[in-house]
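Nothing here was measured: the structure is a model prediction, and the numbers come from that model. We name chains A, B, ... by the order of the sequence lines, and we start the count at 1 in each one. The analysis underlying the following values was restricted to heavy atoms, covering all of them including side chains, and did not include hydrogens, waters or symmetry mates.
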Number of protein chains: 2
Amino acid sequence: MTLADHCYDLIRSDIVTGVLPPGQPLKMDALKVRYGAGFSPLREALNRLQADRLVDLASSRGFRVSSISLEEMWDVIQTRILIETDAIRKSIQYGDDRWEIDVVSSLHALSLQSQRLNELDRPATNEEILSLEKRHSAFHKALIASCQSQWLLSFAEKLYVETERYRFPILTDRKLNKKRNLNDEHTRLANAVTSRDADGAAALIEAHLLKTGETLENNFEIIFPDQNQLAAG
Amino acid sequence: MTLADHCYDLIRSDIVTGVLPPGQPLKMDALKVRYGAGFSPLREALNRLQADRLVDLASSRGFRVSSISLEEMWDVIQTRILIETDAIRKSIQYGDDRWEIDVVSSLHALSLQSQRLNELDRPATNEEILSLEKRHSAFHKALIASCQSQWLLSFAEKLYVETERYRFPILTDRKLNKKRNLNDEHTRLANAVTSRDADGAAALIEAHLLKTGETLENNFEIIFPDQNQLAAG
DNA sequence: AAATGAAAAATTTTCGAAAATCCGTATCGA
DNA sequence: TCGATACGGATTTTCGAAAATTTTTCATTT
């Protein structure tokens with residue numbers, strides 16, 4: 001892995017976790033210090049992130065973390081529904097044993113960590129939440145992995161990351177209580193997959209994403225005060 | 001516009017027109033000479049093109065033009081159908097007068113150039129074909145322009161460019177006769193749009209893209225001998 | 001006071017040299 | 001003969017200085 005790859009991962013993670021907040025200008029000198037790399041790998045990473053719509057680039061005016069808004073969040077959710085319902089149908093159509101096994105095992109990995117964090121008598125550490133998030137991402141990826149379309153997969157990946165920008169800060173906020181039982185929804189999804197029920201799986205994904213959107217909307221103002229409509233500025 | 005932006009445009013155009021053929025390794029020194037720029041802007045451009053899936057990057061092994069295949073072409077077409085049918089529905093739902101006018105005027109611009117090239121008693125120049133292609137792209141963009149989803153628009157743009165990789169070499173090959181009357185299909189699309197017929201427009205887009213896919217498939221072997229399955233190598 | 005514009009400061013962008021890495025070839029030992 | 005390994009050239013990747021650009025400051029004019 002090159003330095004540019006490494007910078008890409010680090011900056012992307014900092015944007016998703018909110019360490020680099022929406023709208024934040026990204027000055028090259030500051031980035032150099034923070035990520036311990038020269039101009040070249042940093043600029044390569046930023047150019048990739050621009051293609052992911054995670055940073056904005058204004059000619060000769062540098063990079064900044066792209067803004068967020070409720071409108072944009074619903075755009076991502078709606079587009080995810082379009083992409084992922086199609087991808088899960090194809091995945092169910094083409095998937096083999098190996099794929100089914102991956103779905104089941106990634107679900108189990110996710111529920112183990114989910115359970116573990118639920119039973120904690122203290123707030124979860126950032127590391128524990130990152131591990132949960134990693135398994136959550138892996139499960140969602142597994143569901144559509146055998147759709148046989150590299151384009152759908154790449155779009156789904158980008159959209160997923162963008163939703164995490166809205167979701168991650170909710171996970172780490174200890175004041176918010178997360179009543180929603182995701183385990184149930186995830187299990188039903190995996191069941192639809194193993195019984196090769198394409199219509200059912202598509203409907204479950206859609207419901208799951210709509211519910212996610214509502215959760216994100218309900219917490220948006222609390223987590224991101226005054227961030228809405230920032231794009232208009 | 002920065003040098004990096006300019007390099008991006010030039011290299012992207014060279015990939016789409018086939019000047020840089022699929023699979024071609026892109027050596028930095030050669031690019032430096034060809035595009036008259038230093039390492040930095042070139043590498044920035046290549047990193048963006050990688051996100052567009054137009055070039056592949058193997059860690060420390062440099063860039064190469066990404067391969068093409070019939071399989072990949074159908075993946076692009078199928079994904080375009082998914083994205084563009086949804087986008088045109090939303091576009092019809094949200095579009096105002098300005099949008100309708102843009103559709104009509106971009107259709108007219110396209111048919112003017114199309115007519116002009118048809119009536120030529122000599123083969124069209126590369127420049128004339130590039131102008132046609134520009135208007136074709138503008139028309140397709142206009143149809144979905146008011147869908148109100150930046151994500152759909154950015155996906156549609158990337159997919160469109162990728163299809164042009166298969167289509168452009170057919171346009172410039174003087175031996176192939178292009179019987180297909182695109183004007184008719186485009187006019188019907190514009191009509192569906194101005195009569196706000198979402199189902200009709202979606203069906204027309206789908207048919208249009210499927211037909212395009214068939215044309216590309218029929219000409220693939222002639223234009224790209226031995227290119228298929230290159231990805232496997 | 002507001003607007004203009006020139007000079008200075010801050011910042012981004014670009015360049016080519018230097019470091020790191022890869023790839024083909026030759027050499028060695030089993 | 002085959003496989004492993006070391007060498008050298010080719011190539012990519014990274015670095016920081018230099019050039020270009022934007023932003024800020026501040027004096028001057030209207």
S.K.: Name the nucleic acid region contacted by B:Leu26, choosing base, sugar-phosphate or nothing; use a 4.0 angstrom heavy-atom cut-off, strictly under.
M.R.: sugar-phosphate
S.K.: How long is the line joining CG of A:Asp29 and P of C:dT13, in whole Å?
M.R.: 12 Å
S.K.: Look only at the side chain of B:Glu128 and the backbone of B:Thr125, and say whether a donor-acceptor pair between them is shorter than 3.5 Å.
M.R.: yes
S.K.: Can any side-chain N or O of B:Ser66 pair as donor or acceptor with the backbone N or O of B:Leu54 at less than 3.5 Å?
M.R.: yes
S.K.: Please give, in whole Å, the distance from C:dT14 P to B:His6 NE2?
M.R.: 12 Å
S.K.: Specify the separation, in whole Å, of atom CG of A:Asp56 and atom C1' of C:dT12.
M.R.: 16 Å
S.K.: Check the phosphate of D:dT12 against B:Arg43, side-chain N and O only, distance under 4.0 Å to OP1 or OP2. Yes or no?
M.R.: no
S.K.: CG of B:Leu57 versus P of D:dT13: gap in Å, rounded?
M.R.: 6 Å
S.K.: Rounded to whole Å, how long is the line connecting atom CG of A:Leu42 with atom C1' of C:dT12?
M.R.: 13 Å
S.K.: With no hydrogens and no angle check, is any side-chain donor or acceptor of A:Asp5 less than 3.5 Å from a backbone partner on A:Thr2?
M.R.: yes
S.K.: Does the distance from a Lys or Arg side-chain N to an Asp or Glu carboxylate O, for A:Asp52 and A:Arg48, drop under 4.0 Å?
M.R.: no
S.K.: Output the rounded distance in Å from CE (A:Met28) to C1' (C:dA9).
M.R.: 19 Å
S.K.: Could you say whether B:Lys27 or A:Pro41 is positioned toward the 5' end of DNA chain D, judged by the nucleotide with the nearest heavy atom to each?
M.R.: B:Lys27
S.K.: Identify, with sequence neighbours excluded, every residue that meets side chain to side chain contact (heavy atoms under 4.5 Å, CB included) alongside A:Glu157.
M.R.: A:Arg12, A:Lys141, A:Val161
S.K.: Looking at A:Tyr166 and A:Ser69, would you say the former's side chain and the latter's main chain have a donor-acceptor pair under 3.5 Å?
M.R.: yes
S.K.: Would you give a per-nucleotide map of nucleotides 16-25 of chain D, 5' to 3', where B means the base has a protein non-hydrogen atom under 4.0 Å away, S means only the sugar-phosphate does, and - means neither?
M.R.: BB---SSS--
S.K.: Quick one: B:Arg64 CZ to C:dC23 P, roughly how many Å, whole number?
M.R.: 10 Å
S.K.: Measure CG/B:Asn47 against C1'/D:dT14 and give the value in whole Å, please.
M.R.: 13 Å
S.K.: Ignoring hydrogens and geometry, is there a side-chain-to-backbone donor-acceptor pair from A:Asn219 to A:Thr215 under 3.5 Å?
M.R.: yes
